[in-house]
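Quick notes on the structure that follows.
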Amino acid sequence: MPKRAQHAISPTRAENYPEWYQQVVKAADLAETSDVRGCMVIKPWGYAIWENMQRILDGMFKATGHENAYFPLFIPMSFLEKEAEHVEGFAKECAVVTHHRLEPNPDGGLRPAPAAELDEPLIVRPTSETIIGATFARWLESYRDLPILINQWANVVRWELRTRMFLRTAEFLWQEGHTVHATEQEARDETRLMLDVYADFAQNTMAMPVIRGEKTASERFPGAVATYSIEALMQDGKALQAGTSHFLGQNFAKAQEIKFQDRSGHEVYAWTTSWGVSTRLVGGLIMTHSDDDGLVLPPTLAPAQVVILPIYKNDQERGQVLAYCESLQQELQAECYAEQSLRVKIDDRDLRGGEKKWQWVKRGVPLRVEIGPRDVAAGGVFAARRDVGGKGQGVPRGEFVAQAAQTLADIQQALLDRATQARDQATARINTLAEFEAYFAESAPGGLAYCHFVDGPEMEAQLKALKVTARCVPLEAPVESGSCIFTGQPSQRRGVFARAY
RNA sequence: CGGGGUGUGGCGCAGCCUGGCAGCGCGACUGGUUUGGGACCAGUAGGUCGCAGGUUCGAAUCCUGUCACCCCGACCA
């Protein structure tokens with residue numbers, strides 16, 4: 001038997017983290033590069049994870065009073081021009097549609113027909129504030145129309161110069177919430193509410209601990225008054241912005257005439273918010289839990305929570321083993337976890353057992369059950385947890401079924417605990433610039449640094465030189481007196497700093 | 001968009017320096033042997049060497065141009 005590497009994924013995380021990431025995506029069959037630059041094909045296993053995220057998030061949005069709608073993929077170019085900062089932020093990465101017809105090219109092939117040039121170019125949406133804002137302006141007349149609480153599931157395009165599977169692709173899938181409110185306070189409350197929804201989802205569904213906080217001025221969404229984010233720490237010590245919620249003030253309302261008559265009959269501008277998470281969450285999920293054997297999925301999001309692998313030598317054994325597997329599947333499906341029937345898959349493909357087993361290890365299925373004639377005879381199962389590794393152990397069938405949901409809950413909790421511990425171990429309170437520089441030295445592991453700071457050009461310049469970014473000012477940060485490590489100016493709060501994706 | 005690198009069967013690569021029959025590994029398929037585990041043996045299929053031009057008796061190999069992708073920056077969810 002040929003000796004294999006000790007781990008299913010090569011290189012390991014320690015050897016080359018970016019390459020390890022690519023290999024995990026490939027080995028787990030999540031996605032692949034496409035024929036279009038910067039765009040990926042999301043394969044069934046990867047898309048099923050996204051569908052689970054969608055289902056759960058969608059429920060949370062609806063539970064907080066939002067409704068889904070759909071707006072056009074195309075945005076007239078002039079719409080983008082209305083909010084000055086917004087243009088500046090997105091103009092450099094827009095795909096532009098200029099023609100509506102092709103014709104044969106005299107040199108062969110096709111070309112856009114010169115006669116079919118659009119009067120006004122259309123932008124493929126990089127985000128939909130402008131087109132949705134313009135629509136809201138028509139919807140809104142009276143204070144009685146408020147609040148408007150809308151979410152859209154969509155694809156957007158940002159022509160990024162450098163792309164990475166799930167983390168940054170030219171086209172990506174996301175949801176964008178857009179709301180309109182009568183008062184500033186109500187809009188601010190909405191912004192924070194949705195940030196909390198995201199934090200709840202990250203921690204309780206993805207088992208990914210996050211820090212909720214407010215972005216500094218330079219990291220703010222173009223056109224926003226305040227941007228809040230949830231920040232997670234990946235295993236390589238880099239931070240990932242996993243979700244954002246923006247308080248847009250009246251910037252877009254004024255740019256797009258989103259106004260209404262208030263109770264006193266005066267026409268006033270409304271207050272708007274927007275918030276979103278994307279398929280980037282899948283990248284965060286991968287980099288939070290996966291190990292050198294591939295993907296590790298939290299049970300809440302796993303397309304299959306249990307995979308059953310029948311083992312047999314001949315047709316007679318096959319019949320017995322498969323019948324046993326199918327009844328086991330039915331028993332497991334009668335159990336519930338996270339308010340849903342267990343998702344159980346039998347893999348009866350004509351492949352060697354070992355290879356099949358490793359495929360499911362690399363795909364990250366939380367519980368693997370191997371059933372052979374011996375288990376059938378003994379009325380047992382041979383089960384292994386993905387999160388703890390190892391070969392697994394024999395368990396009486398009834399006991400396994402009765403405890404399956406609890407085991408999944410244990411795995412979910414164990415993943416969150418493990419990730420939280422890793423995050424906390426890679427977190428430091430730093431009080432001087434020298435410490436800060438040492439913490440983020442090329443050879444250092446990096447991580448999160450809580451520091452006193454005063455936002456401004458001086459800090460930005462120093463951070464840029466160190467390739468470190470201000471992630472956010474944590475909401476739960478206590479007020480404490482200190483001095484900015486970059487400028488020495490007095491500061492009342494610590495911010496979180498890290499290298500970032 | 002700046003710096004570096006790579007384009008050769010489905011995938012991963014060698015060959016290029018020094019021009020001379022297009023190779024290897026994995027995968028696929030067929031047959032056999034195996035079977036509580038990423039198997040073994042034998043055989044089969046599959047490539048005008050990214051594209052265009054040039055040099056040459058002859059180009060995967062040398063020259064020019066071009067396109068794509070990857071990595072490192074800058075920009076960004």
Side-chain angles (χ1 to χ4, degrees), chain A residues 1-10 16-19 22-23 26-27 32-39 88-94 107 126-127 156-176 198 215 218-222 227 229-232 239-246 274-284 293-294 309-314 317-318 321 347 350-362 368-378 380-382 384 391-394 442 464-465 467 469 471 500-501:
Chain A
M1 195 188 297
K3 282 286 176 198
R4 275 273 183 156
Q6 201 173 352
H7 300 292
I9 301 296
S10 174
N16 183 343
Y17 196 86
E19 181 61 22
Q22 303 274 18
Q23 293 303 325
K26 195 172 175 180
E32 63 188 30
T33 53
S34 72
D35 298 317
V36 183
R37 192 208 80 97
C39 297
E88 175 134 357
F90 288 105
K92 284 177 287 187
E93 49 186 35
C94 279
D107 302 329
T127 181
V156 287
V157 168
R158 297 181 189 176
W159 212 263
E160 301 290 350
L161 298 175
R162 190 166 154 224
T163 57
R164 307 186 64 169
M165 211 79 84
F166 288 111
L167 296 173
R168 176 167 295 110
T169 47
E171 178 191 13
F172 57 96
L173 306 182
W174 79 345
Q175 59 70 215
E176 48 182 324
Y198 289 155
K215 288 292 195 183
S218 65
E219 302 272 329
R220 200 176 283 151
F221 177 76
T227 287
S229 71
I230 52 171
E231 300 284 333
L240 182 77
Q241 177 175 308
T244 48
S245 187
H246 313 291
S274 67
W275 28 274
V277 295
S278 71
T279 36
R280 171 177 256 200
L281 288 178
V282 177
D293 285 330
L309 307 178
I311 295 160
Y312 48 82
K313 294 177 188 168
N314 52 48
E317 283 185 0
R318 179 173 190 272
V321 169
D347 184 359
D350 182 20
L351 282 179
R352 295 191 59 78
E355 183 170 358
K356 235 188 319 199
K357 169 193 145 178
W358 280 103
Q359 284 186 10
W360 292 109
V361 169
K362 288 185 281 195
R368 189 179 73 248
V369 178
E370 302 170 3
I371 302 291
R374 289 212 293 269
D375 303 297
V376 175
V381 302
F382 190 85
K391 288 198 107 170
Q393 58 184 355
E442 290 290 343
K464 194 158 192 170
K467 296 180 200 163
T469 55
R471 300 319 304 158
Y501 277 94

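Because only heavy atoms are used, hydrogens play no part in the values below, and waters and symmetry mates are left out as well, while side chains stay in. Chain naming here is simple, since letters A, B, ... match the order of the sequence lines and numbering starts at 1 in each.
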Mind checking who [N] pairs with, Watson-Crick or G-U wobble, both distances under 3.5 Å?
N     : result
B:U56 : none
B:C24 : B:G12
B:G2  : B:C72
B:U35 : none
B:C29 : B:G43
B:U66 : B:G50

Between [options], which nucleotide has the shortest distance from any of its atoms to the side chain of [X]?
X        : options             : value
A:Glu355 : B:C76, B:U35, B:G38 : B:G38
A:Thr163 : B:G36, B:C69, B:C70 : B:C70
A:Lys92  : B:C69, B:C75, B:G36 : B:C75
A:Arg352 : B:U35, B:C76, B:G36 : B:U35

### Task
Please tell me which of A:Gly38 and A:Pro310 maps to the more 5' nucleotide of RNA chain B, matching each residue to the nucleotide holding its nearest heavy atom.
A:Pro310
What does [X] touch in the nucleic acid at a heavy-atom separation under 4.0 angstrom: a base, only the sugar-phosphate, or nothing?
X        : value
A:Lys464 : sugar-phosphate
A:Phe172 : base
A:Gln22  : sugar-phosphate
A:Phe382 : base
A:Glu160 : base
A:Thr169 : base
A:Arg374 : base
A:Thr244 : nothing

### Task
Sticking with atom C1', work out how far B:G43 lies from B:U6, rounded to a whole angstrom.
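Straight-line distance between the two C1' atoms is 35 Å.
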### Message
Assess whether a salt bridge exists between A:Arg368 and A:Glu370, defined as any Lys/Arg side-chain N lying under 4.0 Å from an Asp/Glu carboxylate O.
### Response
yes
### Message
Taking the basic N atoms (NZ, or NE/NH1/NH2) and the acidic carboxylate oxygens, is any pair closer than 4.0 Å for A:Lys215 and A:Glu231?
### Response
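Looking at A:Lys215 and A:Glu231, the cut-off is met.
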### Query
Does a donor on one side chain sit under 3.5 Å from an acceptor on the other, for A:His246 and A:Ser274?
no
